[in-house]
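Inspection log for the structure reproduced underneath, given as structure tokens.
The first residue in the sequence is number 1, and the count goes up from there.
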Amino acid sequence: MNEADSEEMFLHLSARGAVRTDTLEEADAVLINTCTVRDHAEHRAISFLGRLMKWKRQDPRRIIIFAGCAAQRLGNQLKKRYPFLNIVCGAKEIENFANTLDKSGLFAPAGAAATPAPGLLAYATIMRGCNFNCTYCIVPSVRGPVKCLPVQDILQDVTRKAQAGAKEIMLLGQTVNAYEDGATSFADLLNRVSEIPGVERVRFTSPHPIYFTPQFLQAVKDNPKIARHVHLPVQSGSSKVLREMKRGYTRELFLEKVEALQEHGFTISTDIIVGFPTETEEDFQETLSLVEKAHFFAAYCFKYSPRQGTPAAQMQLLPQNVLEKRLDILLNQVRGLSEQAYQRQVGTQQDVLMEEPTKGRTSGNFWVKTSRAFAVGNMVRCEIEKAEGTLLFARNEHD
């Protein structure tokens, strides 16, 4: 989501004459697009901003833009602390970034609409914000409530990106499968995006369990362009902890959704928080049990860390040694399940979208190495011969 927002802001800058540079000393302007989900990410962004003071002093005409979630959270205090900062654009204002640039008086008027950067994978934001209030999460306060983009705007955006060479589209939203625009549901949108000329595969992230509907499953059944992988954060395997996190579902409902997705050929990855303040040893064992039952193909596992401004930050923390021990146990379990998931692919027939001449990804998000080279962007049908670590090896390939 951060990458998509960065790209969107750069397009507005490029319409005003900007070009990219990888060298700070060559730059006339720096755009810092920030994350604030974890405290460490925010501190890194602030630290980088502080280091830019010397760069700015070398030429006061240089421009610094601080944008995104940390900008939203910190607001006006940023300019008080860093008076050399030119523009602050919070996450809620990114869709009005063009007006922010024009009002600053620091840029030339916008020219012709910029062309999206060519690439095999393109991101398309379909909604912003979140209507949940999970007790550990700061996102709703910095991104606001859900706002779905008009379906025609999304289709035009995807069309431009497909014309620029994108073959795979990733639809983005905080609870992406809650998308709705009038009579258009998320399932409808998936089908319409997949019909755009040039689009070979459609992915999405991050969904919420409660928004997977029979209509979505029917769309998947009838549309092979919808990728058979979903990243579905669970956070905990304990219904008690899920309730205290205000996640909006139980352990049983989550497993029910996972089973339905897997029946339709999905591989599932997830996020898990270890050591939420109210987590007992019994709760942790329920998480291990859920991970085993769900057969996740991958999992991002984190120790709980309090986030200032969230209800959970007021709770008493568990000892660090307890968190570290539980995390280590969970990571070992996840590694074993991942190896099993790759081994299960051996002997299957797969369509691989080539991202490099001899490497690409399956619909289920497995990386595959081919025995010969193909054009990047080609869809290659092959048989999986073996699995080594997190890489599959193919044979009998043809496009």
Can you confirm if the aromatic rings of [Y] and [X] lie within a centre distance of less than 6.0 Å?
X	Y	value
F366	H229	no
F204	Y179	no
H208	F132	yes

Establish, for the pair R20 and F10, whether the NZ or CZ atom is under 6.0 angstrom from the six-membered ring centre and no further than 45 degrees off its axis.
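R20 over F10 ring: yes.
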Centre of F393's six-membered ring, under 6.0 Å away, within 45 degrees of the axis: is that where NZ or CZ of K386 sits?
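Yes, K386 lies over the aromatic ring of F393.
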Between T36 and E42, a side-chain donor and acceptor under 3.5 Å:
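Side chains of T36 and E42: pair found under 3.5 Å.
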Pair D181-T184, side-chain donor/acceptor within less than 3.5 Å:
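No - no donor-acceptor pair under 3.5 Å links their side chains.
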Whether F216 and F186 hold their rings parallel, tilted or perpendicular, with breakpoints at 30° and 60°
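Taking F186 first and then F216, their aromatic rings lie parallel (interplane angle under 30°).
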Closest approach of [X] and [Y], non-hydrogen atoms and distance?
X	Y	value
T280	R326	C-NH2, 3.6 Å
T362	Q350	CB-OE1, 3.8 Å
A312	F276	CB-CE1, 3.9 Å
Q316	P277	O-CB, 3.4 Å
F212	K257	O-NZ, 2.9 Å

Residues which pass side chain to side chain contact (heavy atoms under 4.5 Å, CB included) with E256, listed by chain and number, not counting sequence neighbours:
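With sequence neighbours excluded, E256 shows a side chain to side chain contact (heavy atoms under 4.5 Å, CB included) to L253, given in chain and number order.
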Do [X] and [Y] sit within salt-bridge range, that is, some charged N less than 4.0 Å from a carboxylate O?
X	Y	answer
R307	D39	yes
R361	D351	no
K240	E244	yes
R62	E26	no
R251	D283	no
K56	D59	no

Sequence neighbours excluded, every pair satisfying side chain to side chain donor-acceptor pair (under 3.5 Å) that has a member inside residues 192-203
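Sorted result for residues 192-203: E168-R203, S194-N223.
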